Amino acid sequence: MSRPTVGVAIEPRFGAGGHDPYDRALRDGRATLELAHVDATGRAATSPIDVARFAAPADEADRSTLDGVRGAVLDAGCGPGRMVLAAILAGHLALGVDVSAAAVAVARARGLPVLHRSVFDRLPSEGAWGAVLLLDGNVGIGGSPAALLARCAALLDAHGRVVVETHVDHDADHAFEGVLHDGAGGRSLPFPWAHLGVRALPAPAASAGLAVRDAWTVGDRSFAALEPA
């Protein structure tokens with residue numbers, strides 16, 4: 001099977017510009033931000049972004065994403081590195097990548113291997129990763145799940161998998177321009193993002209040469225494992 005073509009880095013990034021609310025939240029320990037956007041019906045909507053969970057230790061739901069993973073783990077949009085640490089503790093070689101300088105600084109201060117890069121940038125060991133993680137809504141990176149999944153597929157070895165955390169609305173399939181708010185008047189510049197539910201996942205996966213091999217829920221969180229078709 002031929003590998004999908006590597007994409008191009010997409011900017012601006014999540015929560016950046018303006019008052020840089022995402023980086024500020026990581027530095028200040030703010031618990032929750034709000035993602036403002038227009039939903040699929042054309043109505044204004046907000047979604048909570050639980051920054052405190054990003055910085056906390058991996059929980060049961062997080063750890064479930066490593067079940068069945070063999071080989072090295074790449075966490076795309078790793079934030080402060082909780083899944084990098086979880087993968088290492090589970091016996092994997094692991095690396096995180098994130099475009100947020102604050103997230104990378106926090107992770108490196110914890111001694112974790114994290115690069116200040118986009119998943120669309122050139123990365124180490126391309127084509128040799130056992131798993132690529134897209135958790136915490138990161139399947140929305142760049143506003144095109146199909147392009148993102150194609151990039152992730154190109155990073156995998158022949159038996160690797162992409163593990164995706166899907167939206168709580170299983171039918172969600174919506175790309176939009178979002179703005180991050182911190183609740184104190186701070187806001188980011190607009191950035192492209194997307195919400196994708198498990199029932200909408202097969203189509204962009206197929207366009208990337210991937211197929212859904214497993215799907216599961218832990219508590220109120222939903223996940224799927226994609227492997228080369």
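Heads up: numbering here begins at 1 and tracks the sequence. Because the structure is predicted, anything quoted here is derived from the model rather than measured.
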Where [X] and [Y] come nearest, the two heavy atoms and their spacing:
X: L201; Y: L196; result: CD1-CD2, 3.5 Å
X: D121; Y: E126; result: O-OE2, 3.8 Å
X: A94; Y: V84; result: CB-O, 3.9 Å
X: V139; Y: E165; result: CG1-O, 4.1 Å
X: N138; Y: A76; result: ND2-O, 3.1 Å
X: V163; Y: W216; result: CG1-CH2, 4.1 Å

R82 bridged to D136 by N-O distance under 4.0 Å: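 Salt bridge between R82 and D136, a charged N being under 4.0 Å from a carboxylate O: yes.
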Carboxylate-amine/guanidinium contact R221 D59, below 4.0 Å: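 Between D59 and R221 there is a salt bridge, with a charged N closer than 4.0 Å to a carboxylate O.
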How long is the straight-line distance from [atom2] of [Y] back to [atom1] of [X], given to the nearest 0.5 Å?
X: R13; Y: L189; atom1: CZ; atom2: CG; value: 10.0 Å
X: D75; Y: D98; atom1: CG; atom2: CG; value: 8.5 Å
X: M83; Y: L135; atom1: CE; atom2: CG; value: 5.5 Å
X: L226; Y: R161; atom1: CG; atom2: CZ; value: 9.0 Å
X: S118; Y: L148; atom1: OG; atom2: CG; value: 9.0 Å
X: L74; Y: L133; atom1: CG; atom2: CG; value: 7.5 Å

Taking atom types as modelled and ignoring hydrogens, do the side chains of H37 and S47 form a donor-acceptor contact shorter than 3.5 angstrom?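 Yes - a donor-acceptor pair under 3.5 Å links their side chains.
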Under a plain distance cut-off of 3.5 Å, with no hydrogens placed, do S100 and D23 share a side-chain donor-acceptor pair?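 D23 vs S100: donor-acceptor pair found between side chains.
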Side chain proximity check, [X] to [Y], heavy atoms < 4.5 angstrom:
X: W193; Y: I141; value: yes
X: S207; Y: L149; value: no
X: F14; Y: I49; value: yes

Cluster overlap [X] with [Y], hydrophobic side-chain contacts below 4.5 Å:
X: L155; Y: V164; answer: yes
X: L123; Y: L95; answer: yes
X: L115; Y: L134; answer: yes
X: V104; Y: L26; answer: no
X: L156; Y: F120; answer: yes

Hey, is the main chain of [Y] close enough, under 3.5 Å, to the side chain of [X] for a donor-acceptor pair?
X: D20; Y: R24; answer: no
X: R213; Y: P228; answer: yes
X: S188; Y: L180; answer: yes
X: H92; Y: G71; answer: yes
X: R187; Y: D182; answer: no
X: R108; Y: P113; answer: no

Neighbour count above 12 (heavy atom, 6.0 Å) for L89 CG: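 Correct, the count exceeds 12.
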Tell me if the CZ atom of R199 is crowded by more than 12 foreign heavy atoms within 6.0 Å.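 Yes, CZ of R199 has more than 12 neighbouring heavy atoms, counting only those of other groups under 6.0 Å.
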Dump the intermediate steps for side-chain contact (heavy atoms from CB on, under 4.5 Å) on L35 and T46, then the final yes or no. CA-CA 5 Å; L35 173 60; T46 59; over 6 Å; no
Would you confirm whether the ring centroid of H195 sits within less than 6.0 angstrom of the ring centroid of H167?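 Aromatic pair counts; centres sit under 6.0 Å.
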Are V97 and V114 close enough, and set up right, to give a side-chain contact (heavy atoms from CB on, under 4.5 Å), and what steps lead you there? CA-CA 5 Å; V97 295; V114 172; over 6 Å; no
When you look at Y22 and L33, which way does the side-chain contact (heavy atoms from CB on, under 4.5 Å) test go after all the steps? CA-CA 8 Å; Y22 181 59; L33 301 174; 4.3 Å; yes
Could you go step by step and tell me if L85 and R110 meet the side-chain contact (heavy atoms from CB on, under 4.5 Å) rule? CA-CA 9 Å; L85 178 57; R110 300 170 67 192; 3.6 Å; yes
